[in-house]
Every structure is written in structure tokens, then in C-alpha cells.
Novice: 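So that we are looking at the same thing, I have put the structure below in C-alpha cells.
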Amino acid sequence: MKFGIVVFPGSNCDRDVAMVTGDLLQQPTRMVWHEETDISDIDVMVIPGGFSYGDYLRCGAIARFSPVMQATRDHAAQGKKVLGICNGFQVLTESGLLPGALVRNRDLHFICDQVPVRIEHSNRAWTSQYQAGSVITLPIAHGEGCYFATPETLASLEANQQILFRYCSSTGDITAESNPNGSQQNIAGICNEAGNILGMMPHPERASDAALGFVDGLGLFQGLL
């Protein structure tokens, strides 16, 4: 399985993902510059975290116009997989590849922490290595990670089992206190209805290396294999 990792001006988590896919999992991995348009050789496109184009407008608002994102839309339309992490999730919503939006955190400041996350469904490739209802710990680092959507969209996400990750307590309870950024319904990650596009604010690539003693995120990448 070949991974392509988008590199925007301002990306800062692209090499972290490459370390997981290329070094830990020994899968072919290619860094894809934002001006590229031919990604026909790629199976999984990853839009990493960082500050694409400096996030000078809304996060991801400029990146959605890049040539590589049009290629990524075509890639997704073929049923191939797309993963957006943190800023990548923001880019996916700005591009219309996922519903909703990511807005300023509830307390209006940047959050850098490690938080419990509950696996909502394990019937997608992304979560197939986890048990539904289990709790994992993942890092977060964002200023605009509050997920917002209309009531109709939220109901649709719930009905179609598209909410794959929720912020929770250490015991798996979904509470206001365990919601670090104010996301509606404690949403930390969603997929499209087909299940081939995933966007999530937590960073699984930063929790994948046994040398760090922190591997709860590795299962997400292993599930694709």
C-alpha cells in the first residue's frame, strides 16, 4: 500500500506521518508537493497537521484551492482513501470532502495536551484494529479544533455511524468536562458516508512509536493494511 503525504508551505507534521508509514510500517511513502496533480500511484492520501499557507485566513481555507486538493477530490471519488489530521481535517471540511467546520476552541486559546478518545465504531478500516467503546490516548495541538455542524448534519453523522472518535473521560464517559475544545457532541473525528475519507483533530502519528512508549495511534494505520 502506497501512502502519499501532502506537503504545503507551513506543514509541520508531514515527516511525522512518513516516519510511521515508511519507517515503522515499511510501506512505500511519497511526499507530495502541494502543486502536484498526478497522484495516480497513491493508495492513501494523507493531509497532515501544521499551518497550511500560514493559516492566514480560516485554517485550511487557502489550501483547498491548491492543485493537489483537486487531485485528492478525484482520488477520493475513485473510492481511494484520504486521511486528514488536525489541519488536514480543517482542509477536508473547507474542501467540502467532509461536512461541518472547525472553528475557534471554546476558550479561544491553543491547546496542546494528551486526551482520552473513545472509539465509537470499529466497522471501518480506520478503526478495525480497535474495539468499539474502547478508550485510547492521543495528543492534540490546535487552536481551531471545535467541530461545528447543523443539527441535520449531526443527526445524519450519527445515523450513518460516521462519528468514529469522541473526546471522553478516562473511563469512556462523554461529558462536557472531557471535551477539550467545545466540539459539538464531543466529536474528535468523522468519516464520509462511504467511509473512505477520515478527518480527525487528534494526532495518531504522534502516538505510534514504541520507543516513546505511546502507541495507541498505530492501530489506525495498521487497520489500512
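Starting from 1, each residue takes its place in the sequence as its number. Computed from a predicted structure; not experimentally measured.
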Novice: Donor-acceptor pair, Ser156 side chain versus Glu152 backbone, under 3.5 Å?
Specialist: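 Pair absent, no side-chain N/O of Ser156 close to backbone of Glu152.
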Novice: Going from CG on Asn181 to CZ on Phe110, what distance comes out if it is rounded to the nearest 0.5 angstrom?
Specialist: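 Answer for the CG-CZ pair, Asn181 versus Phe110, is 11.5 Å.
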Novice: In this structure, are over 12 heavy atoms from other groups packed under 6.0 Å from Gln70 atom CD?
Specialist: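 Count over threshold, so yes.
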Novice: Does the side chain of Pro99 come within less than 4.5 Å of Leu157's, by heavy atoms?
Specialist: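 Counting from C-beta outward, Leu157 and Pro99 do come under 4.5 Å.
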Novice: Of all residues at least two apart in sequence or in a different chain, which pass the side-chain contact (heavy atoms from CB on, under 4.5 Å) check with Arg104?
Specialist: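 Only Leu108, Glu144 meet the side-chain contact (heavy atoms from CB on, under 4.5 Å) criterion with Arg104.
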Novice: About how many Å separate CD1 of Ile197 and CZ of Arg73, when rounded to the nearest 0.5 Å?
Specialist: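 Going from CZ on Arg73 over to CD1 on Ile197, the span is 10.5 Å.
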Novice: Should the ring pair Phe89 and Tyr147 be called parallel, tilted or perpendicular, given that the plane angle runs from 0 to 90° and is split at 30 and 60?
Specialist: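 Aromatic pair Phe89/Tyr147 classed parallel.
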Novice: Can you tell me if Asn123 uses its side chain to pair, donor with acceptor, with the backbone of Ser128 under 3.5 Å?
Specialist: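 A pair under 3.5 Å: no.
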Novice: In the single-linkage hydrophobic clustering (I, L, V, M, F, W, Y; side-chain heavy atoms under 4.5 Å), do Val115 and Ile111 co-cluster?
Specialist: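 Looking at the clustering, Ile111 is in the same group as Val115.
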Novice: Is a side-chain donor or acceptor of His75 paired with a backbone partner of Lys81 at a separation under 3.5 angstrom?
Specialist: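 Answer holds: yes.
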Novice: For residues Met19 and Leu24, determine if any side-chain heavy atom of one lies less than 4.5 Å from a side-chain heavy atom of the other.
Specialist: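 Met19 reaches Leu24 side chain to side chain.
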Novice: List the residues meeting salt bridge (Lys or Arg N to Asp or Glu O under 4.0 Å) with Asp38, not counting sequence neighbours, and say none if there are none.
Specialist: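 Applying salt bridge (Lys or Arg N to Asp or Glu O under 4.0 Å) to Asp38 gives none.
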Novice: Has Gln184 got a side-chain atom pairing as donor or acceptor with Ala149's backbone, closer than 3.5 angstrom?
Specialist: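 Yes; judged by distance alone, with no hydrogens or angles, the pair exists.
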Novice: Taking atom CG of Asn105 and atom OG of Ser183, what is their separation to the nearest 0.5 Å?
Specialist: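 Reported value, rounded in 0.5 Å steps: 8.0 Å.
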Novice: Please tell me whether Met200 and Ile174 are part of a single hydrophobic cluster in this structure, the criterion being side-chain heavy atoms less than 4.5 Å apart.
Specialist: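 Each belongs to a different hydrophobic cluster.
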Novice: Any heavy-atom pair between the side chains of Phe3 and Asp43 that's under 4.5 Å?
Specialist: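 No; the side chains remain at least 4.5 Å from each other.
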Novice: If you define the side chain from C-beta out and look only at heavy atoms, does anything of Val82 sit under 4.5 Å from Leu92?
Specialist: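 The answer is yes; the side chains approach within 4.5 Å.
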Novice: In the structure I gave you, are the side-chain heavy atoms of Ile47 and Ile85 within less than 4.5 Å of one another anywhere?
Specialist: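 No; the side chains remain at least 4.5 Å from each other.
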Novice: Could you grab the distance from atom OG of Ser122 to atom CD of Gln129, nearest 0.5 Å is fine?
Specialist: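 Rounded to the nearest 0.5 Å, the OG-CD separation comes out at 10.0 Å.
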Novice: Please enumerate all residues that pass side-chain contact (heavy atoms from CB on, under 4.5 Å) together with Ser178, with sequence neighbours excluded.
Specialist: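 By the side-chain contact (heavy atoms from CB on, under 4.5 Å) rule, Ser178 matches Ser169, Thr175, Asn186.
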Novice: Run the side chain to side chain donor-acceptor pair (under 3.5 Å) test on Asn192 and Gln162 for me, step by step, so that the C-alpha distance in whole Å, both residues' side-chain angles and the decisive distance to 0.1 Å come before the verdict.
Specialist: CA-CA 6 Å; Asn192 64 332; Gln162 292 172 243; over 6 Å; no
Novice: Donor-acceptor pair, Asn196 side chain versus Ala76 backbone, under 3.5 Å?
Specialist: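 A pair under 3.5 Å: yes.
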Novice: Can you give each donor-acceptor pair under 3.5 Å made by side-chain atoms of residues 214-225, sequence neighbours left out, with the distance rounded to 0.1 Å?
Specialist:
{"unit_1": "Asp216", "atom_1": "OD2", "unit_2": "Thr137", "atom_2": "N", "d": "2.8"}

Novice: With clusters defined by side-chain heavy atoms of hydrophobic residues (ILVMFWY) lying less than 4.5 Å apart, directly or transitively, does Phe65 cluster with Val6?
Specialist: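 No: no chain of side-chain contacts under 4.5 Å links Val6 to Phe65.
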Novice: Quick one: CG on Asp23 to OG1 on Thr29, what's the gap to the nearest 0.5 Å?
Specialist: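 Result: 8.0 Å between the selected atoms.
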Novice: Out of curiosity, does Ile140 fall in the hydrophobic cluster containing Phe51 (side-chain heavy atoms, cut-off under 4.5 Å, transitive links)?
Specialist: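 Shared cluster, no.
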Novice: Does some side-chain heavy atom of Val32 sit less than 4.5 Å from a side-chain heavy atom of Ile39?
Specialist: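 In short, these two side chains touch, coming nearer than 4.5 Å.
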Novice: Verify the distance criterion only: is there a donor paired with an acceptor across the side chains of Thr153 and Thr150 at less than 3.5 Å?
Specialist: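 Side chains of Thr153 and Thr150: pair found under 3.5 Å.
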Novice: Who passes salt bridge (Lys or Arg N to Asp or Glu O under 4.0 Å) against Arg166, sequence neighbours left out?
Specialist: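 Scan of Arg166 (salt bridge (Lys or Arg N to Asp or Glu O under 4.0 Å), adjacent residues dropped) gives Glu120, Glu158.
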Novice: Using a 6.0 Å cut-off, check whether atom CZ of Arg15 has over 12 heavy atoms from anything other than its own residue.
Specialist: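 12 or below, so no.
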Novice: I'd like to check Leu138 versus Gln114 (side-chain heavy atoms, cut-off strictly below 4.5 Å). Are they in contact?
Specialist: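 They are not in side-chain contact.
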Novice: Looking at Thr171, is its backbone amide N or carbonyl O close enough to the side chain of Arg118 to form a donor-acceptor pair, meaning the two atoms are under 3.5 Å apart?
Specialist: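 Checking the backbone N and O of Thr171 against the side chain of Arg118, no donor-acceptor pair under 3.5 Å is found.
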Novice: Run the salt bridge (Lys or Arg N to Asp or Glu O under 4.0 Å) test against Arg30 and tell me which residues pass, sequence neighbours left out.
Specialist: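 If we apply the salt bridge (Lys or Arg N to Asp or Glu O under 4.0 Å) test to Arg30, skipping adjacent residues, the hits are Glu36, Asp41.
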Novice: Could you check whether any side-chain heavy atom of Leu102 comes within less than 4.5 Å of a side-chain heavy atom of Thr93, counting everything from C-beta outward?
Specialist: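 When only atoms from C-beta onward are counted, Thr93 and Leu102 do touch, with a gap below 4.5 Å.
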Novice: Nearest 0.5 Å, please: how far is OG in Ser95 from CE in Met69?
Specialist: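 If we round to the nearest 0.5 Å, Met69:CE and Ser95:OG are 3.5 Å apart.
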Novice: Short question: side chain of Trp126, backbone of Gly195 - any donor-acceptor pair under 3.5 Å?
Specialist: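 The answer is yes, because a donor-acceptor pair under 3.5 Å joins these two groups.
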